[in-house]
Structure formats: structure tokens, C-alpha cells
Amino acid sequence: MHDRLKQKYERIVTIGYGPDFAVIRSEGVELDIPRIVKELREEIVAGVDGGGHLVVGSIKFVQAKRKEVLARLAAKIGNLK
């Protein structure tokens, strides 16, 4: 899906997720996944862990906190310029 979308849009972020993880890819947007993971770990006591690079990464978390983690992740990405 990400590869198809990047043909149409210059700047995109896609998030694939499961019960206790999220995989993030971006094109034309520098996310700094390690910084985002660090911030989520400090904000949510949910065993948040993960890492990656500026354009791709993954996050692992406690399943019970999925909605909160994904909501905060989306908010952080939405606030990028």
C-alpha cells in the first residue's frame, strides 16, 4: 500500500498495526522514529519500545494500551510540518 501511495503523493506516512505493534513508513517526511519512541515511552507507561530511522521504524507496546499509543502516535505525526 505504501509503495502505491508514494507514487501519487510526495509526502505520506503509513502506519500498519496489530494488537501490540505498529510499523511506520514515510516518504518526504522525516519522522525521527527513535525520538518518537522515546517520547511515547515517557508519556505512556505501557512497555513502549522500538526504534528505526528517520523514515521507517516500528513500535512495540502492551496490547491493552494500543488505542492510546496509536492515538498519540497519530497526533505526533499530525503535528509535523
Side-chain angles (χ1 to χ4, degrees):
M1 181 62 68
H2 180 87
D3 291 335
R4 283 192 209 162
L5 290 171
K6 77 179 186 179
Q7 292 173 0
K8 187 174 181 179
Y9 301 100
E10 283 185 33
R11 295 174 39 106
I12 65 164
V13 176
T14 56
I15 304 170
Y17 60 90
D20 62 352
F21 70 92
V23 178
I24 306 136
R25 289 182 66 189
S26 69
E27 192 74 29
V29 179
E30 290 188 7
L31 294 179
D32 194 354
I33 302 294
R35 180 186 53 79
I36 291 173
V37 169
K38 182 180 179 221
E39 289 174 1
L40 288 172
R41 189 179 304 124
E42 292 170 356
E43 295 169 9
I44 304 169
V45 182
V48 174
D49 197 16
H53 306 283
L54 293 178
V55 296
V56 65
S58 63
I59 299 174
K60 184 102 170 118
F61 46 83
V62 173
Q63 186 172 349
K65 294 287 189 170
R66 180 177 69 175
K67 282 187 177 182
E68 183 179 2
V69 171
L70 293 176
R72 287 184 185 237
L73 175 62
K76 288 178 182 303
I77 292 169
N79 288 331
L80 295 172
K81 293 186 170 59

Trace of the side-chain contact (heavy atoms from CB on, under 4.5 Å) decision for Ile36 with Ile24 = CA-CA 11 Å; Ile36 291 173; Ile24 306 136; over 6 Å; no
Between [atom1] of [X] and [atom2] of [Y], what distance do you get to the nearest 0.5 Å?
X: Met1; Y: Lys6; atom1: CE; atom2: NZ; value: 14.0 Å
X: Ile44; Y: Lys65; atom1: CD1; atom2: NZ; value: 7.5 Å
X: Lys38; Y: Leu40; atom1: NZ; atom2: CG; value: 12.0 Å
X: Leu54; Y: Arg35; atom1: CG; atom2: CZ; value: 9.5 Å
X: Glu27; Y: Arg11; atom1: CD; atom2: CZ; value: 11.5 Å

task = In plain terms, say whether Lys60 and Asp20 are close enough for a salt bridge, that is, a side-chain N and a carboxylate O under 4.0 Å apart.
result =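 Looking at Asp20 together with Lys60, the answer is yes, because their closest N to O distance falls below 4.0 Å.
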ask   = Can we say Arg25 and Asp3 salt-bridge, meaning some charged N sits less than 4.0 Å from an Asp/Glu carboxylate O?
value =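 Between Asp3 and Arg25 there is a salt bridge, with a charged N closer than 4.0 Å to a carboxylate O.
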Where is the tightest heavy-atom contact between [X] and [Y], given as atom of each residue plus distance?
X: Leu5; Y: Ile12; answer: CB-CD1, 3.6 Å
X: Gly52; Y: Pro34; answer: O-CG, 3.5 Å
X: Ala22; Y: Leu70; answer: CB-CD2, 4.0 Å

query = Applying the salt bridge (charged side-chain N to carboxylate O under 4.0 Å, His left out) test to Arg72, which of Glu43, Glu39, Glu42 qualifies?
reply =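 Going through the options one by one, the only one that passes is Glu43.
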ask   = Taking the side chain from Ser58 and the backbone from Val23, do they hold a donor-acceptor pair closer than 3.5 Å?
value =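 Between the backbone of Val23 and the side chain of Ser58 there is no qualifying donor-acceptor contact (under 3.5 Å).
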inquiry  = Is it the case that the side chain of Arg41 and the backbone of Val48 share a donor-acceptor pair, with hydrogens and angles ignored and the cut-off at 3.5 Å?
reply    =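 Checking the backbone N and O of Val48 against the side chain of Arg41, a donor-acceptor pair under 3.5 Å is found.
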query = Knowing that exactly one of Leu31, Leu80, Leu73 qualifies, which makes a side chain to side chain contact (heavy atoms under 4.5 Å, CB included) with Val13?
reply =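 Of Leu31, Leu80, Leu73, side chain to side chain contact (heavy atoms under 4.5 Å, CB included) with Val13 is met by Leu31 alone.
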inquiry  = Assigning hydrophobic clusters by single linkage (Ile, Leu, Val, Met, Phe, Trp, Tyr; side-chain heavy-atom cutoff under 4.5 Å), is Phe61 placed with Ile15?
reply    =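 Cluster IDs for Phe61 and Ile15 match.
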inquiry  = Is there a continuous path of hydrophobic side-chain contacts, each under 4.5 Å between heavy atoms, that joins Phe21 to Tyr17?
reply    =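 No, no single cluster joins them.
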